[in-house]
Asks: 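Mind looking over this structure? Questions follow.
Below, chain A is the first sequence line, B the second, and so on; all start at residue 1.
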2 protein chains.
Amino acid sequence: MAKPTKVTNSIRALRFAHGEMTQAELADRIGVTRQTVIAIEQGRYSPSLEMAFQIARVFTVPLDDVFQYPDTEE
Amino acid sequence: MAKPTKVTNSIRALRFAHGEMTQAELADRIGVTRQTVIAIEQGRYSPSLEMAFQIARVFTVPLDDVFQYPDTEE
DNA sequence: CTCCCATGTATAAAAAACTTGACATCACGA
DNA sequence: TCGTGATGTCAAGTTTTTTATACATGGGAG
């Protein structure tokens with residue numbers, strides 16, 4: 001069930017840059033559970049596009065500012 | 001199983017802009033099945049972030065050039 | 001010390017994404 | 001006309017993502 005995703009993210013940094021926003025609050029803002037935020041922040045799997053968009057929107061930054069995809073695939 | 005996604009995309013246009021690339025070829029390039037390309041192109045559901053990145057990469061455009069997310073969420 | 005709060009872990013189960021294979025249609029060329 | 005390629009649909013099945021609960025830990029405040 002575990003899929004170490006290739007996509008990395010800057011969510012933790014963005015949270016802190018936005019007034020020490022907690023995982024719970026972020027989860028609440030994007031309408032998902034805290035578990036999901038934790039899993040994504042830790043890169044346990046990559047989120048759906050929709051969630052990615054919502055996260056970027058909370059921080060008012062472009063998608064590529066939140067998520068990074070490595071050049072070469074595996 | 002059907003989830004009318006809010007995310008829209010410009011895949012079809014991008015395919016044509018790139019030498020009339022067929023759905024089958026695009027699917028092949030991003031490593032998914034033709035069915036998946038069709039479903040996404042039609043907006044039946046939103047792809048995973050990874051797939052979104054791969055699609056953007058095929059067309060060498062930024063993510064936001066391929067997918068659009070409406071301002072207000074439901 | 002004791003009580004929260006933020007973070008994290010674990011599990012099971014639901015939901016969404018993706019696959020496989022089979023089949024239908026339409027346009028186009030041989 | 002026949003065949004082939006591109007697009008699309010349907011249904012069933014697998015995998016990944018997300019939820020829901022419950023519990024553990026460490027730090028800070030009172």
Side-chain angles (χ1 to χ4, degrees), chain A residues 1-59 63-70 72-74, chain B residues 1-59 63-70 72-74:
Chain A
M1 207 191 284
K3 195 213 178 179
T5 181
K6 298 159 198 155
V7 179
T8 61
N9 68 82
S10 315
I11 297 181
R12 184 172 288 265
L14 286 165
R15 278 198 298 113
F16 280 82
H18 280 250
E20 307 267 330
M21 185 186 298
T22 73
Q23 294 176 331
E25 180 170 353
L26 174 57
D28 206 57
R29 290 236 208 153
I30 66 184
V32 298
T33 62
R34 196 168 58 83
Q35 314 285 349
T36 304
V37 169
I38 292 175
I40 295 196
E41 200 168 295
Q42 296 179 338
R44 288 212 247 132
Y45 48 69
S46 50
S48 65
L49 232 205
E50 275 188 64
M51 197 191 297
F53 267 114
Q54 289 176 38
I55 293 174
R57 183 154 298 178
V58 166
F59 297 126
L63 225 41
D64 309 81
D65 234 43
V66 185
F67 300 95
Q68 299 83 36
Y69 193 66
T72 42
E73 76 291 340
E74 184 249 344
Chain B
M1 206 192 285
K3 194 212 178 182
T5 183
K6 298 159 199 155
V7 179
T8 61
N9 67 81
S10 315
I11 297 181
R12 184 172 288 266
L14 285 165
R15 279 199 297 111
F16 279 81
H18 280 249
E20 307 267 330
M21 185 186 300
T22 73
Q23 295 176 331
E25 181 171 353
L26 175 57
D28 206 59
R29 290 235 209 155
I30 66 183
V32 297
T33 63
R34 197 168 59 82
Q35 315 284 352
T36 304
V37 169
I38 292 174
I40 297 199
E41 201 167 295
Q42 297 180 337
R44 288 214 246 136
Y45 49 69
S46 50
S48 66
L49 233 205
E50 274 188 65
M51 196 192 296
F53 268 115
Q54 290 176 38
I55 293 174
R57 183 153 298 178
V58 166
F59 296 126
L63 225 42
D64 310 80
D65 235 43
V66 185
F67 300 95
Q68 298 84 37
Y69 193 67
T72 42
E73 77 290 340
E74 178 242 347

Asks: Identify all side-chain donor-acceptor contacts of residues 7-14 of chain B below 3.5 Å with residues at least two apart in sequence or on another chain.
Replies:
{"unit_1": "T8(B)", "atom_1": "OG1", "unit_2": "Q68(B)", "atom_2": "OE1", "d": "3.0"}
{"unit_1": "N9(B)", "atom_1": "OD1", "unit_2": "I11(B)", "atom_2": "N", "d": "3.0"}
{"unit_1": "N9(B)", "atom_1": "ND2", "unit_2": "I40(B)", "atom_2": "O", "d": "2.9"}
{"unit_1": "S10(B)", "atom_1": "OG", "unit_2": "Q68(B)", "atom_2": "NE2", "d": "3.1"}
{"unit_1": "R12(B)", "atom_1": "NE", "unit_2": "E41(B)", "atom_2": "OE2", "d": "3.0"}
{"unit_1": "R12(B)", "atom_1": "NH2", "unit_2": "E41(B)", "atom_2": "OE2", "d": "3.0"}

Asks: Taking all heavy atoms of S46(A) and all of L49(B), pick out the closest pair and write down the distance.
Replies: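 Closest heavy-atom pair between S46(A) and L49(B): CB-CB, 4.2 Å.
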Asks: So which protein N/O to nucleotides 26-30 of chain D N/O distances come out below 3.5 Å?
Replies:
none

Asks: Is it the case that the side chain of R15(B) and the backbone of E25(B) share a donor-acceptor pair, with hydrogens and angles ignored and the cut-off at 3.5 Å?
Replies: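 No.
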Asks: For dT9(D), does OP1 or OP2 lie under 4.0 Å from any side-chain N or O of R44(B)?
Replies: yes
Asks: Consider the side chain of Y45(A), meaning its heavy atoms from C-beta on, and name the nucleotide among dC18(C), dT7(C), dT18(D) that approaches it most closely.
Replies: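 Within the option list, the nearest is dT18(D).
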Asks: Strictly below 4.0 Å: does S48(A) bring a side-chain N or O up to OP1 or OP2 of dA17(C)?
Replies: no
Asks: What verdict does the side-chain contact (heavy atoms from CB on, under 4.5 Å) test give for M21(A) and V58(A), after you've listed the backbone C-alpha separation in whole Å, the side-chain angles of each residue and the deciding distance to 0.1 Å?
Replies: CA-CA 11 Å; M21(A) 185 186 298; V58(A) 166; 4.1 Å; yes
Asks: Rounded to whole Å, please give me the gap between NZ in K6(A) and C1' in dT17(D).
Replies: 16 Å
Asks: Once you round it to whole Å, what is the distance between C1' of dT16(D) and CG of L49(A)?
Replies: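 Nearest whole value for this atom pair: 15 Å.
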Asks: Would you say that D64(A) contacts F53(B) through its side chain, given a criterion of any heavy-atom pair below 4.5 Å between the two side chains?
Replies: yes
Asks: Is there a residue in residues 27-42 of chain B whose heavy atoms reach under 4.0 Å of DNA chain D, and which residues are they?
Replies: R34(B), Q35(B), I38(B), Q42(B)
Asks: Could you give the CD-to-C1' distance, from E20(B) to dA27(C), as a whole number of Å?
Replies: 14 Å
